[in-house]
Novice: 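Below is the structure I would like to discuss, written out as structure tokens.
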Amino acid sequence: MNDTNTLQDTIIAPATGQGGAVTLIRLSGKAVTTLLAKSFRSSLPISHAHATYGHIVEGEEVIDEVLVTYFQAPKSYTGEDTAEISCHASRYIVERIVALFVASGARLAEPGEFTLRSFLNGKRDLAEAEAVADLIHAEGEAQHRLAMAQLKGAYSEHLREVRSRLIEFASLIELELDFSEEDVTFADRDRLLSLAEGVRSMIQELIDSYQTGRKIRNGIATAIAGIPNAGKSALLNALLQENRAIVSDIEGTTRDTISETLLIEGHPFRIIDTAGLRHSEDPIEQMGVARTMEAIEEADIVLLLIDAVRCDKPEHIAKQLAPIGSIKVPALCVLNKIDLLEAAAVEALTAQLKGKVPFPILPISAKEKKGLEPLRQQLLHTAKGDVTEPSHVVTNLRHVKLLKVAAHSLNATIEGLKKDMEGALLAIELRSAIKAIGEITGETISDNNLLEHIFANFCIGK
């Protein structure tokens, strides 16, 4: 994809999905104006950053009436001459227009190729380019806000500050190496140690932010757990306000986990419906129970669902509360089916559970959709530390791996300074840290396969 010759090509692709009345087709490269001259007819000349009305034609045949918005290099998304053709959304029309321009010399763009060119032409760094994909897939306010901040460069600017301090540190070490025979010291070891620890602290804060960033990007993993037929699937459907999971009076209906995203005030929660927890001889159900335990272990929040009707005896309550020992994260006890009990019985049961359950108890009826709003608010409150973004948040696994490489090198540097290690060895560690930070923003990218992997995850037309 990033071969020098192919990057000289003029590329084309639809930039919007199917559906709606209008589709946007994007064209980028040196031959944009030449190709438009062949196939776009208008009484007005095209000009930078203006939309021009006209027709796409093939010979004497009019394919569609369109608006063409032209952006002259370098003032475009890709840094190249770019045109965006707004046409009617008929699949036939879109395919005809794309085929027409391909026949005239353009080629179909590969996934992410427009954004790749934006990076290669210096319009944005690699971290900002990756934020484009996050912005496209943002489902809620928190994801959108974080992706926009990264796209605008706040995160990249912070990384550049970290890298700048590393370069300053390395330059002092390198200068000492250059003048080692003269026994010249440009900075005492205590100052270097303070500088190294300060940079390590900045890097560690970014690494620590990944737990929050991951939850914002992927959704806070919220597992619904409980005995069979407690109403887990009904609760999932009620929260989502759609029939996503099969609800049945037959125990063991859910054999595998089902995951869907729920937005609460713009914050994403990944709600996971699990198989009922019970002993079974059925090997398929045993696999489902095993996956339920995995979901509980990997969750950020657990909703322990209690069947209020089956709390008539102490042993029945104990059976339903048994999973508490497996819950190592924040949890809520959700008392379901309160519509089948008198109000006084619900109050008495809630009071009884308070002495046994170490987390909040919320009475609900998934069937009647009662008590769901307090549950949503309690979920939001429980996750409050994960839905408030710090100023610089890491959301990308590739980034956190590179930050850990840099942190490892800084740790080795600090230990070396404490042991009065020679400058040549310190310089090696510092160069490793500088390279790792540079790979996040693309300043030290040397592996073209990495770029192909990153941009292959983009959609066509972006």
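These numbers come from the heavy atoms of this one structure, side chains and all, not from hydrogens, waters or symmetry mates.
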Novice: Establish, from distance only, whether the side-chain atoms of Ser28 and Glu80 form a donor-acceptor pair under 3.5 Å.
Specialist: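 Yes, side-chain donor-acceptor contact under 3.5 Å.
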
Novice: Just to verify, which of Lys370, Arg376, Lys369 counts as forming a salt bridge (Lys or Arg N to Asp or Glu O under 4.0 Å) with Glu373?
Specialist: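 Of the listed residues Lys370, Arg376, Lys369, the salt bridge (Lys or Arg N to Asp or Glu O under 4.0 Å) partner of Glu373 is Arg376.
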
Novice: May I ask you to decide if Ile227's main-chain N or O and Lys232's side chain share a donor-acceptor pair within less than 3.5 Å?
Specialist: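 Between the backbone of Ile227 and the side chain of Lys232 there is a qualifying donor-acceptor contact (under 3.5 Å).
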
Novice: Do Asp307 and Lys337 sit within salt-bridge range, that is, some charged N less than 4.0 Å from a carboxylate O?
Specialist: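 A salt bridge is present here (some side-chain N lies under 4.0 Å from a carboxylate O).
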
Novice: Below 4.5 Å, heavy atoms only, C-beta onward: do Tyr53 and Glu65 meet side chain to side chain?
Specialist: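 A side-chain contact exists here, since the closest heavy-atom pair is under 4.5 Å.
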
Novice: Would you please test Asp273 and Leu235 for side chain to side chain contact (heavy atoms under 4.5 Å, CB included) and show each step?
Specialist: CA-CA 9 Å; Asp273 180 21; Leu235 177 57; over 6 Å; no

Novice: Indicate the atoms forming the closest heavy-atom contact of Val66 with Cys87, along with that distance.
Specialist: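 For Val66 versus Cys87, the nearest heavy atoms are CG1-CB, 3.7 Å.
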
Novice: Any non-hydrogen side-chain atom of Glu429 less than 4.5 Å from a side-chain atom of Glu415?
Specialist: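 A side-chain contact under 4.5 Å is absent here.
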
Novice: When rounded to the nearest 0.5 angstrom, what distance separates CG in Leu159 from CE in Met202?
Specialist: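 Spacing of CG (Leu159) from CE (Met202) equals 9.0 Å.
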
Novice: Show the nearest heavy-atom pair for residues Ala331 and Pro360, with the distance to one decimal.
Specialist: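 Looking at all heavy atoms of both residues, the closest pair is O-CD, 3.7 Å.
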
Novice: Rounded to the nearest 0.5 Å, how far apart are CZ of Arg124 and CG of Leu126?
Specialist: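 Output value for this atom pair is 11.5 Å.
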
Novice: Going by atom types only, do Tyr77 and Thr115 share a side-chain donor-acceptor pair under 3.5 Å?
Specialist: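 The criterion, which ignores hydrogens and geometry beyond distance, is satisfied for Thr115 and Tyr77.
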
Novice: Work out which heavy atom in Ala131 is nearest to a heavy atom in Ala147; give both atom names and the distance.
Specialist: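 Heavy atoms of Ala131 and Ala147 come nearest at CB-O, 3.8 Å.
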
Novice: With side chain to side chain contact (heavy atoms under 4.5 Å, CB included) as the criterion, how do Val32 and Thr10 come out once you've worked through the C-alpha distance, each side chain's angles and the decisive distance to 0.1 Å?
Specialist: CA-CA 7 Å; Val32 164; Thr10 296; 4.2 Å; yes

Novice: Considering residues, nucleotides and ligands other than His408, do more than 12 of their heavy atoms fall under 6.0 Å from its NE2?
Specialist: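 No, the 6.0 Å shell around NE2 holds no more than 12 heavy atoms from other groups.
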
Novice: Is a salt bridge present between Arg160 and Glu157, judged by a nitrogen-to-oxygen distance below 4.0 Å?
Specialist: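 Between Glu157 and Arg160 there is a salt bridge, with a charged N closer than 4.0 Å to a carboxylate O.
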
Novice: Measuring from atom NZ of Lys401 to atom CG of Asn396, what distance do you get when rounded to the nearest 0.5 angstrom?
Specialist: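 Lys401 atom NZ to Asn396 atom CG measures 10.0 Å (nearest 0.5 Å).
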
Novice: Take atom NZ in Lys367; do more than 12 heavy atoms of anything else shown fall under 6.0 Å from it?
Specialist: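 No, because the 6.0 Å sphere around NZ of Lys367 holds 12 heavy atoms or fewer from other groups.
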
Novice: Give a yes or no on whether the backbone of Gly442 and the side-chain of Asp125 come within a donor-acceptor separation of less than 3.5 Å.
Specialist: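 Side chain of Asp125 to backbone of Gly442, a donor-acceptor pair under 3.5 Å: no, none is there.
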
Novice: Say you draw a straight line from CD1 of Ile301 to CD1 of Ile272; how long is it, rounded to the nearest 0.5 Å?
Specialist: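 That separation rounds to 11.0 Å.
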
Novice: Would you give the length of the straight line joining atom CZ of Arg163 to atom CD of Glu439, rounded to the nearest 0.5 angstrom?
Specialist: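 That separation rounds to 10.5 Å.
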
Novice: Check for a donor-acceptor pair, side chain of Asn336 on one end and backbone N or O of Leu305 on the other, with a separation under 3.5 Å.
Specialist: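 Judged by distance alone, no pair lies under 3.5 Å.
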
Novice: Looking only at heavy atoms, which two atoms of Phe359 and Ile327 are closest? And how far apart?
Specialist: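 Here Phe359 and Ile327 meet closest at CZ-CD1, 4.3 Å.
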
Novice: State whether the side chain of Arg200 and the backbone N or O of Leu410 hold a donor-acceptor pair below 3.5 Å, judged by distance alone.
Specialist: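 No: the side chain of Arg200 does not pair with the backbone of Leu410.
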
Novice: If only atom types and distance count, is the side chain of Arg398 paired as donor or acceptor with the main-chain N or O of Ile440 below 3.5 Å?
Specialist: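 Yes; at least one donor-acceptor contact below 3.5 Å.
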
Novice: Is there a donor-acceptor pair closer than 3.5 Å between any side-chain N or O of Ser209 and the backbone N or O of Leu206?
Specialist: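 Confirmed, Ser209 side chain pairs with Leu206 backbone.
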
Novice: Using only atom types and a distance under 3.5 Å, with no angle test, would you say the side chain of Ser409 pairs donor to acceptor with the backbone of Leu430?
Specialist: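 No, Ser409 side chain to Leu430 backbone: no donor-acceptor pair under 3.5 Å.
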
Novice: Do any N or O atoms from the side chain of Lys356 and from the backbone of Ala318 form a donor-acceptor pair under 3.5 angstrom?
Specialist: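 Flag not set: sc Lys356 to bb Ala318 has no pair under 3.5 Å.
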
Novice: Where do Thr274 and Ile224 come nearest, in terms of heavy atoms and distance?
Specialist: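 Distance-wise, the nearest heavy atoms are OG1-O, 2.6 Å.
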
Novice: Is the shortest side-chain heavy-atom distance between Val162 and Ile203 below 4.5 Å?
Specialist: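 Heavy-atom side-chain distance check passes, below 4.5 Å.
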
Novice: So which of Gln352, Lys354, Glu347 actually passes side-chain contact (heavy atoms from CB on, under 4.5 Å) with Thr350?
Specialist: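 Looking at Gln352, Lys354, Glu347, the match for Thr350 under the side-chain contact (heavy atoms from CB on, under 4.5 Å) is Lys354.
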
Novice: May I ask you to test the Leu151-Asp134 pair for a side-chain heavy-atom distance under 4.5 Å?
Specialist: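 A side-chain contact under 4.5 Å is absent here.
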
Novice: Are the side chain of Thr16 and the backbone N or O of Leu24 linked by a donor-acceptor pair below 3.5 Å?
Specialist: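 A pair under 3.5 Å: yes.
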
Novice: In the structure I gave you, are the side-chain heavy atoms of Arg117 and Glu113 within less than 4.5 Å of one another anywhere?
Specialist: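 Heavy-atom side-chain distance check passes, below 4.5 Å.
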
Novice: Taking Lys328 for its side chain and Gly325 for its backbone only, find out whether a donor-acceptor pair lies under 3.5 Å.
Specialist: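 The answer is yes, because a donor-acceptor pair under 3.5 Å joins these two groups.
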
Novice: Report yes if some heavy atom in the side chain of Leu402 is under 4.5 Å from a heavy atom in the side chain of Ile437; otherwise report no.
Specialist: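 Side-chain contact under 4.5 Å: no.
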
Novice: Answer yes or no: is there a side-chain heavy-atom contact under 4.5 Å between Phe269 and Leu380?
Specialist: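 Yes, close enough: below the 4.5 Å cut-off.
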
Novice: Dump the intermediate steps for side chain to side chain contact (heavy atoms under 4.5 Å, CB included) on Ile338 and Leu349, then the final yes or no.
Specialist: CA-CA 10 Å; Ile338 62 170; Leu349 181 55; over 6 Å; no

Novice: Are Ile93 and Ile56 close enough that some pair of their side-chain heavy atoms sits under 4.5 Å apart?
Specialist: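 Not in contact.
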
Novice: For a side chain to side chain contact (heavy atoms under 4.5 Å, CB included) check, start with the C-alpha distance between Glu128 and Phe119, then their side-chain angles and the critical distance, and finish with the verdict.
Specialist: CA-CA 9 Å; Glu128 292 166 356; Phe119 162 66; over 6 Å; no

Novice: Do you know which two heavy atoms are closest between Ala238 and Ala366, and how far apart they sit?
Specialist: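 Ala238 and Ala366 have their closest heavy atoms at CB-O, 3.7 Å.
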
Novice: State the CG-CZ distance between Asn229 and Arg310, to the nearest 0.5 angstrom.
Specialist: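 These two atoms lie 5.5 Å from each other.
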
